[in-house]
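Just so you know, these numbers use all the heavy atoms, side chains as well, and skip hydrogens, waters and symmetry mates.
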8 protein chains.
Amino acid sequence: MSEEMSRELKDISFILRQYKAGRLSHEEAVRELNGGCIEDLGFARIDHARVKRQGFPEVVYCEGKSVEQAAAIVKSLAARGGNVLASRAGAEFFAEIKKILPHAFYNEQARMVVVINEKPVVDKKRYIAVITAGTSDVPVAEEAALTAEVMGNKVERVFDVGVAGIHRLFASLDLIRKANVCVVAAGMEGALASVVGGLVDKPVIAVPTSVGYGANFGGLSALLAMLNSCAAGVGVVNIDNGFGAGRLAALINKMR
Amino acid sequence: MSEEMSRELKDISFILRQYKAGRLSHEEAVRELNGGCIEDLGFARIDHARVKRQGFPEVVYCEGKSVEQAAAIVKSLAARGGNVLASRAGAEFFAEIKKILPHAFYNEQARMVVVINEKPVVDKKRYIAVITAGTSDVPVAEEAALTAEVMGNKVERVFDVGVAGIHRLFASLDLIRKANVCVVAAGMEGALASVVGGLVDKPVIAVPTSVGYGANFGGLSALLAMLNSCAAGVGVVNIDNGFGAGRLAALINKMR
Amino acid sequence: MSEEMSRELKDISFILRQYKAGRLSHEEAVRELNGGCIEDLGFARIDHARVKRQGFPEVVYCEGKSVEQAAAIVKSLAARGGNVLASRAGAEFFAEIKKILPHAFYNEQARMVVVINEKPVVDKKRYIAVITAGTSDVPVAEEAALTAEVMGNKVERVFDVGVAGIHRLFASLDLIRKANVCVVAAGMEGALASVVGGLVDKPVIAVPTSVGYGANFGGLSALLAMLNSCAAGVGVVNIDNGFGAGRLAALINKMR
Amino acid sequence: MSEEMSRELKDISFILRQYKAGRLSHEEAVRELNGGCIEDLGFARIDHARVKRQGFPEVVYCEGKSVEQAAAIVKSLAARGGNVLASRAGAEFFAEIKKILPHAFYNEQARMVVVINEKPVVDKKRYIAVITAGTSDVPVAEEAALTAEVMGNKVERVFDVGVAGIHRLFASLDLIRKANVCVVAAGMEGALASVVGGLVDKPVIAVPTSVGYGANFGGLSALLAMLNSCAAGVGVVNIDNGFGAGRLAALINKMR
Amino acid sequence: MSEEMSRELKDISFILRQYKAGRLSHEEAVRELNGGCIEDLGFARIDHARVKRQGFPEVVYCEGKSVEQAAAIVKSLAARGGNVLASRAGAEFFAEIKKILPHAFYNEQARMVVVINEKPVVDKKRYIAVITAGTSDVPVAEEAALTAEVMGNKVERVFDVGVAGIHRLFASLDLIRKANVCVVAAGMEGALASVVGGLVDKPVIAVPTSVGYGANFGGLSALLAMLNSCAAGVGVVNIDNGFGAGRLAALINKMR
Amino acid sequence: MSEEMSRELKDISFILRQYKAGRLSHEEAVRELNGGCIEDLGFARIDHARVKRQGFPEVVYCEGKSVEQAAAIVKSLAARGGNVLASRAGAEFFAEIKKILPHAFYNEQARMVVVINEKPVVDKKRYIAVITAGTSDVPVAEEAALTAEVMGNKVERVFDVGVAGIHRLFASLDLIRKANVCVVAAGMEGALASVVGGLVDKPVIAVPTSVGYGANFGGLSALLAMLNSCAAGVGVVNIDNGFGAGRLAALINKMR
Amino acid sequence: MSEEMSRELKDISFILRQYKAGRLSHEEAVRELNGGCIEDLGFARIDHARVKRQGFPEVVYCEGKSVEQAAAIVKSLAARGGNVLASRAGAEFFAEIKKILPHAFYNEQARMVVVINEKPVVDKKRYIAVITAGTSDVPVAEEAALTAEVMGNKVERVFDVGVAGIHRLFASLDLIRKANVCVVAAGMEGALASVVGGLVDKPVIAVPTSVGYGANFGGLSALLAMLNSCAAGVGVVNIDNGFGAGRLAALINKMR
Amino acid sequence: MSEEMSRELKDISFILRQYKAGRLSHEEAVRELNGGCIEDLGFARIDHARVKRQGFPEVVYCEGKSVEQAAAIVKSLAARGGNVLASRAGAEFFAEIKKILPHAFYNEQARMVVVINEKPVVDKKRYIAVITAGTSDVPVAEEAALTAEVMGNKVERVFDVGVAGIHRLFASLDLIRKANVCVVAAGMEGALASVVGGLVDKPVIAVPTSVGYGANFGGLSALLAMLNSCAAGVGVVNIDNGFGAGRLAALINKMR
């Protein structure tokens, strides 16, 4: 299939016209209309069209998959030449990947494996601020930051500026206000998202973390706080979902 | 029973000595040791000793009581000459009280009926700051403020200074920092308690309010946020419990 | 204070320089550094600086405020000449506003009162798609759409395209894919947010609605589903928070 | 007791007639009317009548039982000559069973031990589609599939077709639509059950899985989503209950 | 469009062939491939294809819709000549429908409006048993029974046979055991579903009801009990979802 | 059927012998073995055997039943000559009953209708103490007390002795300790059950009430507290379930 | 202190008289009135009066205590010559106790250490039935049974008679019905408590167990089911609280 | 910067005057107004101003931080010469600290590392009573006690006086009543906080602990009980938050 066809893969009109013109057989047309570009590994169906549909290939979520399964998926994605990101990845899994893809690297704090095949182009004037309330929130923030960076974004890290010492936040306010998007990772009462949300005029992606104990209930306190933020302009992702926050921030930062 | 005896009512040694000395009969000694000073209305046992034991008479919680029951209790308490406070009181109940105790007054926002028999002495140099995040939190804050005032405390109200516009808070920071105790009433994400807690070196009593909707779950979001405050020095009371916050602040403000 | 000063109100360097140069008195400098521009109504402190800080004036949340309180706040905001938006507003409140501000209008489905003083400039080529799963989700979606429109955005409404009849969604896919941002309002199991999230390469703002019954638990089912979306690029706001979704979508749609 | 009697064991009329005719003693009649066919191991009472009453013998749930207890139960069931299924079984338990019943086999992914004594007859024209949203849901799906197979059903596996890449689902739609019953195993937001439910005209058994993290709360998000499915025709079983789903699908697939 | 085409509406191959043969225009082909047969009322998109796809037209869920909206949808569905079912319908809504469709009738207990345009054909030898634990569960059971009847099924009602007096259940056991499918509606502890599930060899659809108080938490106790049923072969629907249970039972009862 | 037969109704041996002896026809034997003594009103099956099986006839729970349904059930039960108790009964329902059964009476606080046909015999030396923490818990306590009284027990009421003024409890300790069983009704934090449980050597039936607000969550706080009581010998019933507590206390008080 | 004094330890009148008569010093009288008989180990205060007040010494709950702490408490209790029961005790703890008290024994399933110093007198005609739904519930049931036995009660064990095979229950019905009290331990949906409650005329103590998975939520499903039992006469204890159930059953079984 | 300046660090007027007078450069003024005194370690920003603002330096919460991170923070704080407290600290972390700061000590029960650089001055006449319900609550209580002691307070420990043996509490009542503040740590049903709250006229800080099992839900039962305390004057902190309770008690005890 030509490069051009591939670009319009999801365009039904296009497929129909190719079919009528005889450039696609009946079988090819049915497959394309039914989704196309899916590689079936038995335990996984790899959606190679995602990069066209959503601007970045499928990200491999390693939890609940065996090392063999996750590695097979990464290998299949890398074979197409794009960049690959595997989240919630353990050291054992990285060791396996390293054997197959020697240029892969591992960010231990973020627990992510990254395979860069095409260096992303970065607009240095537009950056995402990734902010944490405390030091314990850093792993989640790193997951967000790394995700955004791999997707071609500049990131500024502003860590440990929680509201118990709000002066720390104000000391970094300029850096935060000039960001295009803010990601705020906070556990416990998650108040930082509201405070940042009230100080900037840009979208804020709030990531509750499971940092805390007791009535924190695994991140529930921060999650509810962020959902109930009195500051408008705050979108929330799942507890500890640094990847999701980084992905959403990247999408927003790319808007022109 | 003499004034002095009454003051030491709960001192077992004292009772024993009075009994041995014959100043209390066997029956009186048993009653005193068993608690003393309880008036039984059938549906309620009024604890007239509470003023001695805890510095303020029983406060009448009107919810779940009939107007007749609540009025009978207020009447019984007022008959001893102390001040009386009835919380979660409706207008109909106040009308009933007004008939019996014409000097009673009603604070509609706080939904409290107050009967002042002895004007409380107030130390004007020591005050409690009662702070709210928004206008909708004011009824709960008024319950706290009125409770503290009736118990003889000066109160400064600082309303609608929530974190969505944190500059409003900073504009009042001096007034807040000079308070002896702070009461912070906030709904939604309740972030204000943490922010205030991080800015003052005095005890903060946090009252989550049920203001909000959706994932607020009737005040749960603010409650959890306040319990998980990253700022130390914050004690939390029940959702919408303005009375409890005012009472606790009053106890603290009286310490010397 | 001059127009220009006002624009840089939050710039501490600027204030310091003005102060050193004698253009601000000591008292003015303290006030500005402390936040400035706050009007105190007793029960509310209006943050007139918000329009500078966040690009749109404070939005009045009417729940839990008396008609008088809410009206006073709207009046105070309108007096500065900007547009005003009041959410969760009842008909009685609108009647009150109509007396003061005859050009106000009321969107009954969205339960919002709008006062337009400056017609917003709209970029017709960039639009927000506001999508619902069912007809019962329309009020929440209208709150989002109206908010975005008042803030100067073009909105395309795509209502009742939930996953029980997923062909309805595909029939509108072109309109959805060409949007700059998608707002998806869905109750019950909230699956639509994930499905849309998997089909577009733009940010998706998911609004769980309280539509449903039983194990819906007031919108909890849709909320949890959206937070756990397997599609990346989805940010979630509070249950039934159409305003928040519209505001966040507006912020994103304005990015260049 | 004769073969024939055994078949009508639960028929009270039959027992009464046997008793009146003297073919059952008074004691035997009482025992039969009281349930019959129970083998008491002390820690377990094996219900050998279940195969008659419900078409398949008791399935051994191994969690919370010692290896010895579970093995004794399997042995007792196998002694009657029927097929035996043990769920949530560990490798150590299988080793134990293997010693007693050398023809037993172990499906590691499904964590099930199977003893086939009578090969089930399978109608190849009627099959159950077992569908998963992701690779991590496969173990639960395998438990369902294996259960159905041991109970004499043909199963088609359609794995990793979740809504984040909905084209993968459409590519398998024919296979899914021709199934007699669908089992859908999905974690996270569990949206796949609704989407499948909206596309087929057959019963859908939805199995929420505990795949996910954070606000997934151990499978709660998928569970609530599936219970609130806007697609009718969906029945839900417990989180991770592959066995229950397989059993219910088998019952439905056997209907004529 | 011919009758025949309509029957194969969802067959992509068919559409492609019609298009190639020139029997469908390019625009028609795109529309059909995109879902076809959707009528857009603005606030609702009616999925007229559902009857083909799922064997019964869309059922109108009235909650959260205005009387006008719901009536417009019913009218649109009835205009195609099929039977129409509207659930959670109030008397006012029925009055409105009655004006437009005089042959509509209302089942007050089930709160359903029914419009019969084609009398369903019923196989009298195959029936669904609809069972309740108590009298208070009857409205939910009636919703299930009526749904199944309108969809062409024979229903036997077995009401008020809960486990507190389990002899009532045994007295009806024959009727229950001969059913093809059982629907069990129970509130409080919902134990009846497990007991029935243990006594029959047919699928059981369990409907938790919100009957009860206190730690019932709006039906949560029965819901959790049913999901955790120790009897296999039980599928659960949402709390009070009589319609869903009836629909699922109808799908199962139609299997041959 | 003779009086004697009726007494041994559930004795399977007896039925078998009667059947063999020809005193029961085959049909009668089947019916008796299947439960017997059930009156079917369509919407309700009245279990007239319960008085034999459990010592008191079925109690009518009125919530969720229409006035007509509940009245029909009461009438049917009363027709057998036993005492009847209807709980959660409104005034309108009582008016209806009064017409049919003029000797019925209504306890408004307990919301119970009572029909006494046989005056219960009471052992005055053995009593149940029904204790409340506050005045607002009295309705639930009255439901328990009345239930126990109608079932033939002496009750001592000890109301409003909650732990905030624990001396009130100690003043009544003798009366409490001499009881045979204690019922403790308490809302809010429900601490009274533990305190009483630690002071007596008799069974304590704890009834959490829904008295309270905020983090009380409809009685959840008291329920959890009572379930977690550090005092052994405490059994808990549902929130606000005065009837259940009274019934259980009555069963215990009857033991010899 | 004499044997006799000790018996009336809690009688305030008695203490007062002893004091007046000079048989108790002032200090002794204060101590006795303040509770008496407490041994302070620093980390624990042993309540040696409990055996007098509640008929059995304090039971040692080992969880959260170090082996040293728990052993010191057991030693202190055993030194008084009574029987001692330690619950949730590990093997390491037993090894420690065995060194000090060689006649101690360990019940591994119940995880209890028992020290018998006075053999309890048992009334063989009155027994407690301890019933389980499944084999996995046996450890909890054993904790209940052992507790009751050590406290001098005869226990009949009826294990694995859950409702999935209800005939197993009926086969043991005679044994169950003749019991004085029933303890029912069940996990999953906990239906057995209601079924037993409906079949007997004696108190039923229901113990929810944490047996199960998924929507069992650690025993919540069984707990809620038991609290909502439609059968009256059921008292519930905490999840997995075999000790509490055994203790309450023992108290009830001792009533005359 | 001089000692004196440092004391008034947060006084904006002072900074402005210093700046105008040329004693602070423009850059210094901006930094001070922006918060000052923050040391940035990359993963942490140490707020050295906290000791000025809140009377005690930042306390290091070790959970979620690597040993290296936590040690670096402790080192940085200790370098300023103040006392340092590290909570939730493991033995490995202490070993690391010991190397750097040989005078550090470790309280194993409280899991705290303490570095005393300036011996705190203690007012022996004013003390905090730290009270526990049981022995298992002692670790949390020790965290509170140690925190208060390091902050310069006298502490009296009253352990294991829970309500199951309330006489133990009364035996220590004098000690408790003479305290200036009470901290009450209790798990299970947490009733002790209410009982103490009803007996004293001083503030009570309630700390729910996670001691318990089953329906304790990780401390939820005690937390809810304490929040719903019927005794006024009780402030609650997070589950197991001994540090927070000690800190709040210290703040209150310092009031004059």
Q. Would you say B:Val74 and B:Val113 make side-chain contact, with heavy atoms under 4.5 Å?
A. no
Q) Can you say whether the rings of A:Phe170 and B:Phe170 are parallel (under 30°), tilted (30 to 60°) or perpendicular (over 60°)? A) perpendicular
Q) With no hydrogens and no angle check, is any side-chain donor or acceptor of B:Asn107 less than 3.5 Å from a backbone partner on B:Ala110? A) yes
Q.
Can a donor-acceptor pair be found, under 3.5 Å and without considering hydrogens, that links the side chain of A:Asn253 to the backbone of A:Ala249?
A. no
Q. For A:Ala89, does its backbone N or O pair with a side-chain atom of A:Tyr106 as donor and acceptor, under 3.5 Å?
A. yes
Q. Is a donor on one side and an acceptor on the other found under 3.5 Å between the side chain of A:Lys65 and the backbone of A:Val60?
A. no
(Q) Would the distance check show the side chain of B:Glu189 and the main-chain N or O of A:Cys230 forming a donor-acceptor pair, the cut-off being under 3.5 Å? (A) yes
Q: Please examine the side chains of B:Asn83 and B:Val114, heavy atoms only from C-beta on, and report whether any two atoms are closer than 4.5 Å.
A: no
(Q) Sort by residue number and list every residue of residues 204-221 of chain B having at least one heavy atom under 4.5 Å from chain A. (A) B:Tyr213, B:Ala215, B:Asn216, B:Phe217, B:Leu220, B:Ser221
Q) Okay, side chain of B:Arg168, backbone of B:Gly162: is any donor-acceptor separation there less than 3.5 Å? A) yes
Q: Name, in order of residue number, those residues of residues 126-136 of chain B that have a heavy atom at a distance of less than 4.5 Å from a heavy atom in chain A; otherwise write 'none'.
A: none
(Q) Closer than 3.5 angstrom, by distance alone: can the side chain of A:Ser172 be matched with the main-chain N or O of A:Leu175 as a donor-acceptor pair? (A) no
Q: Return the option, out of A:Leu192, A:Leu224, A:Leu223, with the maximum number of heavy-atom pairs under 4.5 Å with chain B.
A: A:Leu224
